[in-house]
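Only one structure is covered here, and it is reproduced in the block below.
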Amino acid sequence: MIIGKVTTNLEAVIELEVGNLNQWEKIESVIDTGFSGYLALPSDLIDRFKLPQIDTQEVILGDGTTVVLEKYLVKVLWYGKERSVSALRADGGPLAGMSLFYGSHMILDVVEDGNVEIDALPLIG
């Protein structure tokens, strides 16, 4: 189970461990249900880990503008297992998108200091 909190700004936040082959770092990431990707990470983190760029991606931002962002490969510990996912280079703090949560059950108590609980769904099929 992944546990987080709802902030005073009503943002659901979880701690993620991200990195590359040689180093790992715990970061606080906002859950962004309007973001369909895996992760968005700030430049300083991408540069510090020397993450490999794998592509670029056209993205429509919340204000409707379209931008092209660089896409990188990063490792994340997810339910205790190492997983390789893509991360977009973006201004602001780390964001966790819906692709990261695919196959998960999420409960949010949307009040200040509310609980965030994320569990893996049982495999179907």
Side-chain angles (χ1 to χ4, degrees):
M1 178 183 296
I2 297 166
I3 302 290
K5 284 288 179 192
V6 174
T7 69
T8 56
N9 295 328
L10 299 182
E11 294 179 320
V13 175
I14 57 171
E15 185 177 84
L16 294 175
E17 196 162 351
V18 298
N20 59 22
L21 295 175
N22 302 317
Q23 68 187 103
W24 291 87
E25 184 175 318
K26 290 182 180 180
I27 62 169
E28 196 171 81
S29 181
V30 173
I31 296 170
D32 186 347
T33 60
F35 171 38
S36 61
Y38 288 93
L39 292 171
L41 297 174
S43 292
D44 65 326
L45 187 69
I46 289 170
D47 295 341
R48 188 166 58 250
F49 283 118
K50 297 179 175 63
L51 297 178
Q53 184 176 346
I54 55 174
D55 205 352
T56 58
Q57 181 173 333
E58 191 173 276
V59 176
I60 300 172
L61 301 178
D63 66 2
T65 59
T66 301
V67 296
V68 176
L69 299 177
E70 297 169 345
K71 186 186 283 189
Y72 294 84
L73 188 63
V74 64
K75 295 192 179 294
V76 62
L77 288 181
W78 192 246
Y79 299 119
K81 296 181 182 170
E82 192 175 293
R83 181 177 175 194
S84 293
V85 300
S86 62
L88 298 174
R89 181 187 294 261
D91 294 334
L95 298 176
M98 295 304 285
S99 288
L100 187 64
F101 300 107
Y102 185 82
S104 298
H105 174 73
M106 187 182 306
I107 299 172
L108 305 174
D109 294 333
V110 186
V111 294
E112 290 182 27
D113 203 33
N115 291 322
V116 174
E117 297 177 8
I118 304 164
D119 273 316
L121 288 171
L123 294 176
I124 300 172

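Numbering starts at 1 and runs along the sequence shown. All values derive from a computational prediction rather than experimental measurement.
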What distance separates [X] [atom1] from [Y] [atom2], expressed to the nearest 0.5 Å?
| X | Y | atom1 | atom2 | result |
| --- | --- | --- | --- | --- |
| S86 | L39 | OG | CG | 7.5 Å |
| K75 | L51 | NZ | CG | 10.5 Å |
| M106 | T33 | CE | OG1 | 8.5 Å |
| I118 | L100 | CD1 | CG | 8.0 Å |
| T66 | L61 | OG1 | CG | 7.5 Å |

Could you go step by step and tell me if E82 and L77 meet the side chain to side chain contact (heavy atoms under 4.5 Å, CB included) rule? CA-CA 5 Å; E82 192 175 293; L77 288 181; 4.2 Å; yes
Crowded around [X] [atom1]? As in, over 12 foreign heavy atoms under 6.0 Å?
| X | atom1 | result |
| --- | --- | --- |
| D44 | CG | yes |
| L121 | CG | yes |
| E17 | CD | yes |
| E58 | CD | no |

Given the rule that I, L, V, M, F, W and Y join up when any side-chain heavy atoms are under 4.5 Å apart, are [X] and [Y] in one cluster?
| X | Y | value |
| --- | --- | --- |
| V30 | V116 | no |
| V13 | I2 | no |
| L10 | L108 | yes |
| I31 | Y38 | yes |
| V85 | Y72 | yes |

Do the non-hydrogen side-chain atoms of L45 and V74 ever get within less than 4.5 Å of each other? no
Sub-4.5 Å side-chain heavy-atom contact between I3 and E117: yes
Which heavy-atom pair separates [X] from [Y] by the least distance, and what is that distance?
| X | Y | answer |
| --- | --- | --- |
| W78 | S104 | CZ2-OG, 4.1 Å |
| N22 | N20 | N-OD1, 2.8 Å |
| A96 | L16 | CB-CD1, 4.4 Å |
| R48 | Q23 | O-OE1, 3.9 Å |
| P42 | G93 | CD-C, 4.5 Å |
| V6 | V110 | CG2-CA, 4.4 Å |

S99 side chain vs S36 backbone, donor-acceptor pair below 3.5 Å: yes
side-chain hydrogen bond (donor to acceptor under 3.5 Å, both in side chains) evaluation trace for K5 with N115: CA-CA 5 Å; K5 284 288 179 192; N115 291 322; 2.8 Å; yes
Is it true that the side chains of D63 and T65 contain a donor and an acceptor less than 3.5 Å apart? yes
Single hit among L41, L69, I46 for side-chain contact (heavy atoms from CB on, under 4.5 Å) with R89: I46
